[in-house]
Amino acid sequence: MFSKQAKASKEPARIESLPMSIAPVPEAQRKGPPKVASLISPDITIEGGITGDGELQIDGVVRGDVRVGRLTVGETGHIEGSIYAEVVEVRGRIVGAVTAKQVRLYGTSYIDGDITHEQLAMETGAFFQGRSLKFKRPPAPPQAEAAPPALLEAKSAG
């Protein structure tokens, strides 16, 4: 059972590719080490705006606009200002407009302001006072079509 194995042959080890669902991300798509969410703890108050591309969790107070990639407002979190993000999850309090592709309001959330979104989910108990505005995707750019032959003849004749 635990006996020594015969020495391996000098052939290189054969590595089979992983299924796509767990295959590693190619080097070109990696941007460095994994990003860690930033945290504003319950005993912190920020006066002013916050911007960035990463993930932010707010458990404290922010008085200013927040523009990040992904925002989580904890139960003790409070924001007074506009929010712009890809994804917003709210368990705390927001007084101001929210603009995001995906918005999720948990049962403990309190929102006083308009929400502009592609997807909106609300749990029972969530308080929301304002307008729910669906993103209007810009129309697809018209594809260049060949001009009708009659139009071409008229242009070349003139």
Side-chain angles (χ1 to χ4, degrees), residues 15-152 154-155:
I15 300 174
E16 295 183 22
S17 62
L18 295 172
M20 287 305 292
S21 61
I22 58 173
V25 177
E27 198 66 36
Q29 291 181 0
R30 276 192 228 158
K31 294 182 180 175
K35 293 182 180 179
V36 178
S38 297
L39 173 66
I40 297 174
S41 63
D43 55 344
I44 300 291
T45 299
I46 294 181
E47 301 275 343
I50 298 174
T51 60
D53 293 331
E55 185 173 339
L56 175 64
Q57 176 160 344
I58 298 177
D59 291 328
V61 178
V62 174
R63 291 189 183 97
D65 294 347
V66 178
R67 185 181 295 265
V68 293
R70 180 183 182 96
L71 176 67
T72 302
V73 181
E75 288 187 22
T76 59
H78 181 93
I79 299 174
E80 294 176 17
S82 298
I83 295 171
Y84 304 91
E86 291 288 315
V87 178
V88 175
E89 293 186 354
V90 183
R91 291 177 175 86
R93 182 180 183 92
I94 296 174
V95 178
V98 176
T99 302
K101 286 186 179 179
Q102 295 178 7
V103 179
R104 181 171 183 98
L105 307 180
Y106 290 89
T108 57
S109 65
Y110 176 97
I111 309 291
D112 187 356
D114 296 345
I115 299 176
T116 305
H117 58 87
E118 279 186 19
Q119 296 176 350
L120 174 63
M122 289 178 59
E123 286 185 354
T124 302
F127 177 86
F128 169 43
Q129 179 173 300
R131 294 181 300 170
S132 169
L133 306 165
K134 185 97 167 149
F135 270 139
K136 291 189 177 174
R137 291 183 179 236
Q143 297 196 359
E145 297 179 20
L151 197 56
L152 289 174
K155 284 184 181 178

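Here the structure is a predicted model, which means the values were calculated and not measured. When reading the values below, keep in mind they use all heavy atoms of this one structure, side chains included, and skip hydrogens, waters and symmetry mates.
- Contact detail for R91 and T108: the closest heavy-atom pair is O-OG1, 2.7 Å.
- When every heavy atom of A100 is checked against every heavy atom of V103, the shortest pair comes out as CB-CG2, 3.8 Å.
- Not one N or O on the side chain of D114 forms a donor-acceptor pair closer than 3.5 Å with the backbone of A97.
- Taking the side chain as every heavy atom from C-beta outward, I58 and I46 never approach each other to under 4.5 Å.
- To the nearest 0.5 Å, the span separating CG on L105 from CD1 on I111 amounts to 5.0 Å.
- Atoms OH and CZ, from Y84 and R67 in turn, are 5.5 Å apart once rounded to the nearest 0.5 Å.
- Residues Y106 and S109 share a closest heavy-atom pair of O-OG, 2.7 Å.
- Once rounded to the nearest 0.5 Å, the distance linking CZ of R104 with CD of E89 reads 7.0 Å.
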Next on the checklist: Let's go through F135 and T99 carefully: what are the C-alpha distance in whole Å and the side-chain angles of both, what is the deciding distance for side chain to side chain contact (heavy atoms under 4.5 Å, CB included) to 0.1 Å, and is it a yes or a no?
Outcome noted: CA-CA 9 Å; F135 270 139; T99 302; 3.9 Å; yes
Next on the checklist: Show, in sequence, the C-alpha distance, side-chain angles and deciding distance for I40 and I50, and conclude whether the side chain to side chain contact (heavy atoms under 4.5 Å, CB included) test is met.
Outcome noted: CA-CA 11 Å; I40 297 174; I50 298 174; 3.6 Å; yes
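- Heavy atoms of other residues, nucleotides or ligands lying less than 6.0 angstrom from CG of D112 number more than 12.
- At least one donor-acceptor pair under 3.5 Å links the side chain of E123 to the backbone N or O of G107.
- A side-chain N or O of H78 and one of E80 form a donor-acceptor pair less than 3.5 Å apart.
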Item to check | Stepwise side chain to side chain contact (heavy atoms under 4.5 Å, CB included) test for S38 and L56 | outcome: CA-CA 5 Å; S38 297; L56 175 64; 3.8 Å; yes
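- What you find for D59 and T76 is that their closest heavy atoms are O-OG1, 2.7 Å.
- The two residues I115 and H117 make their nearest non-hydrogen contact at O-CD2, 3.5 Å.
- Of all heavy-atom pairs spanning F128 and G113, the tightest one is CE1-O, 3.1 Å.
- Distance check: K134 NZ to Q119 CD gives 7.0 Å after rounding to the nearest 0.5 Å.
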